[in-house]
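Take a look at the structure set out below.
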Amino acid sequence: MATYSRVLLSGSTNGKPIPVAATATPGTLLHTAISGTSGFDEVYLWATNATGAAATLTIEFGGVTDPGDLITKALSIPANSEPIPIVTGQNINNALVIRAFSGTASAINITGHVNRITS
């Protein structure tokens, strides 16, 4: 029988937003998936732009190859935005890493959680 648990993003401290400091690949670490292939992490991410100017966001999902490992590329996040859903339940496992970078350092904050499903 599968076990479900909600966990914080591994790149977050106590659930706090993760500032996207990187401006190029490899991006700022957001989350490292569960090890192995018998379980998976169902990932949910939201982006907020905390500055007065629009900023671009790229999410690297399990690697850094452009375009194959990008779940979003140079997506414009409006100035002073509310949380915008970016990743809505996509799955990852085998210790793959999710990273993000922006055209403007520390303009975008990422929040989210993972539904960890193990057998």
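Please read all numbers here as calculations on a predicted model, not as lab measurements.
A heavy-atom distance below 4.5 Å is not found between the side chains of Ile117 and Ile34. Two residues are said to be in side-chain contact when any heavy atoms from C-beta on lie closer than 4.5 Å; Tyr44 and Asn115 meet this criterion. With a 4.5 Å cut-off on side-chain heavy atoms, Leu45 and Leu30 count as touching. Inter-residue side-chain proximity for Leu57 and Ile110 is flagged as met; some heavy-atom pair is nearer than 4.5 Å. Two residues are said to be in side-chain contact when any heavy atoms from C-beta on lie closer than 4.5 Å; Thr58 and Leu75 fail this criterion. Side-chain contact between Thr23 and Thr104 is absent, with no heavy-atom pair separated by less than 4.5 Å.
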Under the criterion side-chain contact (heavy atoms from CB on, under 4.5 Å), I'd like the reasoning laid out for His31 against Phe61: C-alpha separation, chi angles, the key distance, then a yes or no.
CA-CA 10 Å; His31 183 69; Phe61 209 74; over 6 Å; no
Do Asn80 and Asn49 pass the side-chain contact (heavy atoms from CB on, under 4.5 Å) test, and can you show the C-alpha distance, the side-chain angles, and the key distance before you say yes or no?
CA-CA 5 Å; Asn80 300 309; Asn49 182 345; over 6 Å; no
Show, in sequence, the C-alpha distance, side-chain angles and deciding distance for Gln90 and Ile71, and conclude whether the side-chain contact (heavy atoms from CB on, under 4.5 Å) test is met.
CA-CA 10 Å; Gln90 284 74 22; Ile71 202 157; 3.9 Å; yes
side-chain contact (heavy atoms from CB on, under 4.5 Å), that's the test. Do Thr111 and Asn109 meet it? Break it down for me.
CA-CA 7 Å; Thr111 56; Asn109 290 327; 5.6 Å; no
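Closest of all the heavy-atom pairs between Ala22 and Ala100 is CB-O, 4.0 Å. The minimum heavy-atom distance between Pro83 and Trp46, with the atom names listed, is CB-CB, 4.1 Å. Smallest separation of non-hydrogen atoms from Thr32 and Ala95: CG2-O, 3.7 Å. Residues Thr56 and Ser102 approach most closely at O-OG, 2.7 Å, considering heavy atoms.
A distance of 9.5 Å separates CD of Glu42 from OG1 of Thr88, quoted to the nearest 0.5 Å.
Using a distance-only test at 3.5 Å, with no hydrogens or angles considered, no donor-acceptor pair links the side chain of Asp41 to the main chain of Val114. Checked by atom type and distance alone, the side chain of Ser12 pairs as donor or acceptor with a backbone atom of Lys16 at under 3.5 Å. Thr48 contributes no side-chain N or O that, together with a main-chain N or O of Ala50, makes up a donor-acceptor pair within less than 3.5 Å.
Taken together through direct or relayed side-chain contacts under 4.5 Å among Ile, Leu, Val, Met, Phe, Trp and Tyr, Val97 and Phe40 form parts of separate hydrophobic clusters. Cluster annotation: Val87 and Val7 are assigned to the same hydrophobic cluster (Ile/Leu/Val/Met/Phe/Trp/Tyr, side-chain heavy-atom contacts under 4.5 Å, transitive). Residues Ile84 and Val43 are members of one and the same hydrophobic cluster, defined by side-chain heavy-atom contacts under 4.5 angstrom among Ile, Leu, Val, Met, Phe, Trp and Tyr. Criterion: ILVMFWY side-chain heavy atoms under 4.5 Å apart, direct or through other members. Under it, Leu70 and Ile77 are not part of a common hydrophobic cluster. Linking Ile, Leu, Val, Met, Phe, Trp and Tyr whenever their side-chain heavy atoms come within less than 4.5 Å leaves Leu29 and Val64 in two separate clusters.
Each of Thr28, Ile18, Val20 was scored for a side chain to side chain contact (heavy atoms under 4.5 Å, CB included) with Ile108, with one residue passing: Val20.
A donor-acceptor pair shorter than 3.5 Å can be found between the side chains of Thr25 and Glu60.
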